[in-house]
Amino acid sequence: MEECISVFDMLKIGVGPSSSHTLGPWRAAERFLNELRSEYDINSIIRVKIDLYGSLSLTGKGHATDLAIMLGLSGQDPEYIPIQDIDGIIKSIEAKNEINFGNQIHIPFYFLQDIVFNKNFLPFHANGLTFTAYFNNETEYSSTFYSIGGGFVVKEERENAQNKEAIKCAFPFPINKASELLSYCTKENKSISEIVYDNEKSMRPEAEIHHELMRIWKTMLECMYIGCHSEGILPGGLHVRRRAFDMHQNLIGLSNYSTPQEWLEEIRKTEVKFRQILKWVSCFALAVNEVNAALGRVVTAPTNGSSGVIPAVLMYYLVIENHQAGEKEIKQFLMVAGEIGSIFKKGSTISAAMGGCQAEIGVSSAMAAAALCELMGGTSDQVLMAAEIAMEHHLGLTCDPIGGLVQIPCIERNTMGAIKAINAAELALETDAKNAKVSLDKVIDTMWQTAKDMNSKYKETSEGGLAIAVNMADC
């Protein structure tokens, strides 16, 4: 049986700036706490140490990996923690040299010593981290996790593998490849979103699916709204000035609104010439990724670094293409996008540390292109073709963030991915998919081979490309 990957696995609500380097380590810290609680008395712990390896070590500072770990060990949840509380919790740990471990016991914690950045790579994956707890009886317990992209966390050894195998897939339509998805669509005479919905219904009630999909969209919309109404300099030392604010002001004019939904309605009234469309899509994407860079709340889609593409393209559809669109179209879009992302995850990777930026912006662009294509009336063949076109033109894209920060070139890349997604959808809609020379499965295979061939310095290590061509001092 194939692995069941839900839409809600691919689209997770969390905190920026990185799904693999922030959300993943945060979730790993939570899992470590759960392991300790199930086997030991937390009250007997006197110290905890964390070792970071590979890409987590090389770019961890710029990705707030250390901060995420401290928040996770403090018992905070990235999906629900009030964003305004983050700074205070971190400052308290640093000032007092202690951590409220699991929100249960205060123990000494010297973050400069107890979080160790090891440049060597563990063999299993580029993003490894080991937690070690020390007890008052001089014993210790260690556990190693791997953040494999998109907020997914795994362990190399799987003690519960048999149990996991038993629940691996109850989906009525288990999907590993795009060709299988297309076969189901043809056989059942259903759209891709309908197939995905049937799979989701096998896991949770319809009311929950509706609620969670709309919660994801509302988080995306709020993120765009916040980004378009926030100005200033992004944290991290690059002194990157937010651009969405000024761009938005020039586009929106003197419109009057007070909520994200009212804002959306006002945008529908604005001028929609080609240049304005380009600017709006770019503005939406910039807004999300500026919020992400400032440790704000975003939706991994499929990662934090690429979180601006899908909201920007969906917002484009809602405010430019179809003013009557509402919850039905939003849910349809998110389900298609999630399924395409899961196929990439199964057949290749969504981790920049494994595949470069093609694994993040490329995949998000493919997800958005497919989803938009279905909303615009594309057949299932054309939807998959749209995803293929979008990825084909991201193949080989490197991940080389300056200073290890998810800012340059990451923020602008989301605008490029969004525009390419729209173009890919339009190309697919104007093409007879039977004449396609490259299938989505072929491009996914090619992406994975390209990832394996790519020099490691272009895989989120900040040891090549723009990361060394442009020094922090230059900024």
Side-chain angles (χ1 to χ4, degrees), residues 17-25 28 50-66 68-69 115-130 144-156 236 238 300 302-306 344-365 391 393-411 413 417 443-472:
S18 170
S19 51
S20 60
H21 287 55
T22 314
L23 181 58
I50 306 92
D51 286 280
L52 304 177
Y53 297 94
S55 180
L56 286 183
S57 173
L58 292 167
T59 62
K61 284 288 185 183
H63 288 75
T65 304
D66 48 351
I69 288 169
I115 300 179
V116 183
F117 291 80
N118 304 282
K119 290 188 176 181
N120 56 303
F121 286 71
L122 297 181
F124 183 72
H125 192 276
N127 291 332
L129 67 165
T130 298
T144 299
F145 300 87
Y146 298 90
S147 180
I148 62 172
F152 289 88
V153 177
V154 301
K155 302 191 74 169
E156 185 173 3
L238 284 179
T300 64
T303 68
N304 283 38
S306 60
F344 272 97
K345 183 181 183 298
K346 291 170 184 173
S348 185
T349 181
I350 57 170
S351 166
M354 293 296 288
C357 200
Q358 61 174 354
E360 298 204 17
I361 294 295
V363 173
S364 65
S365 185
M391 173 49 75
H393 300 291
H394 282 94
L395 287 173
L397 186 62
T398 59
C399 180
D400 48 357
I402 297 172
L405 296 163
V406 192
Q407 296 181 20
I408 304 173
C410 320
I411 295 174
R413 279 188 181 167
V443 89
I444 292 173
D445 290 342
T446 302
M447 175 198 157
W448 181 230
Q449 187 58 53
T450 304
K452 290 188 287 186
D453 291 342
M454 188 181 289
N455 190 302
S456 62
K457 68 184 180 181
Y458 299 118
K459 297 179 181 180
E460 207 166 2
T461 61
S462 289
E463 293 184 326
L466 284 174
I468 61 170
V470 181
N471 297 317
M472 290 284 283

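- For the pair Ser365 (side chain) and Gly362 (backbone), a donor-acceptor distance under 3.5 Å is absent.
- Under the ring pair (Phe, Tyr, Trp, His ring centres under 6.0 Å) criterion, Tyr146 pairs with Phe124, sequence neighbours left out.
- Residue Ser19 comes nearest to Gly150 through the heavy atom pair OG-N, 3.4 Å, listed as atom of the first residue, atom of the second, then distance.
- Looking at every heavy atom in both residues, Pro25 comes nearest to Leu56 through CG-CD2, 4.1 Å.
- The shortest distance between side-chain heavy atoms of Asn304 and Pro17 does not fall below 4.5 Å.
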Item to check | Steps toward side-chain contact (heavy atoms from CB on, under 4.5 Å) verdict (Ile408, Leu238) | outcome: CA-CA 9 Å; Ile408 304 173; Leu238 284 179; 4.3 Å; yes
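- Within the 3.5 Å criterion, the main-chain N or O of His63 finds a donor-acceptor partner in the side chain of Thr22.
- Residues Val154 and Phe152 fail the side-chain proximity criterion, which asks for heavy atoms closer than 4.5 Å.
- Taken to the nearest 0.5 Å, the CG atom of Leu129 stands 7.5 Å off from the OG1 atom of Thr144.
- For the atom pair OG of Ser20 and CD1 of Ile350, the computed distance is 9.0 Å after rounding to the nearest 0.5 Å.
- Counting heavy atoms from C-beta outward, Met447 and Val363 have side chains that approach closer than 4.5 Å.
- Among Thr65, Asn118, Leu58, the one residue that satisfies the side chain to side chain contact (heavy atoms under 4.5 Å, CB included) test with Leu52 is Thr65.
- The two atoms that bring Thr349 and Ala359 nearest to each other are O-CB, 3.5 Å, heavy atoms only.
- Taking all atoms of both residues into account, the shortest heavy-atom contact from His125 to Asn127 is ND1-N, 3.0 Å.
- Using a distance-only test at 3.5 Å, with no hydrogens or angles considered, a donor-acceptor pair links the side chain of Lys459 to the main chain of Ala451.
- Counting heavy atoms of neighbouring residues, nucleotides and ligands inside a 6.0 Å radius, atom NZ of Lys119 does not exceed 12 of them.
- How far CE of Met391 is from CD of Gln358: 6.0 Å, rounded to the nearest 0.5 Å.
- A donor-acceptor contact shorter than 3.5 Å is absent between the side chain of Ser55 and the backbone of Ala126.
- Scanning all heavy atoms of the two residues, the minimum distance from Gly24 to Ser147 falls at CA-OG, 3.4 Å.
- When atom types are taken as modelled, the side chain of Ser348 and the backbone of Phe344 share no donor-acceptor pair closer than 3.5 angstrom.
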Check residues 393-405 and write down every donor-acceptor pair under 3.5 Å in which the side-chain atom is one partner and the other belongs to a residue at least two apart or another chain.
residue, atom, partner, partner atom, Å
His394, ND1, Ala390, O, 2.8
Asp400, OD2, Leu466, N, 2.9

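- A distance of 10.5 Å separates CG in Leu23 from OG1 in Thr303, rounded to the nearest 0.5 Å.
- Nearest heavy atoms, Val116 versus Asp51: CB-OD1, 3.4 Å.
- Interatomic distance, Tyr458 OH to Cys357 SG, rounded to the nearest 0.5 Å: 14.5 Å.
- To the nearest 0.5 Å, the span separating NZ on Lys345 from CD1 on Ile444 amounts to 13.0 Å.
- Between Glu460 and Ser18, the closest side-chain pair of non-hydrogen atoms falls below 4.5 Å.
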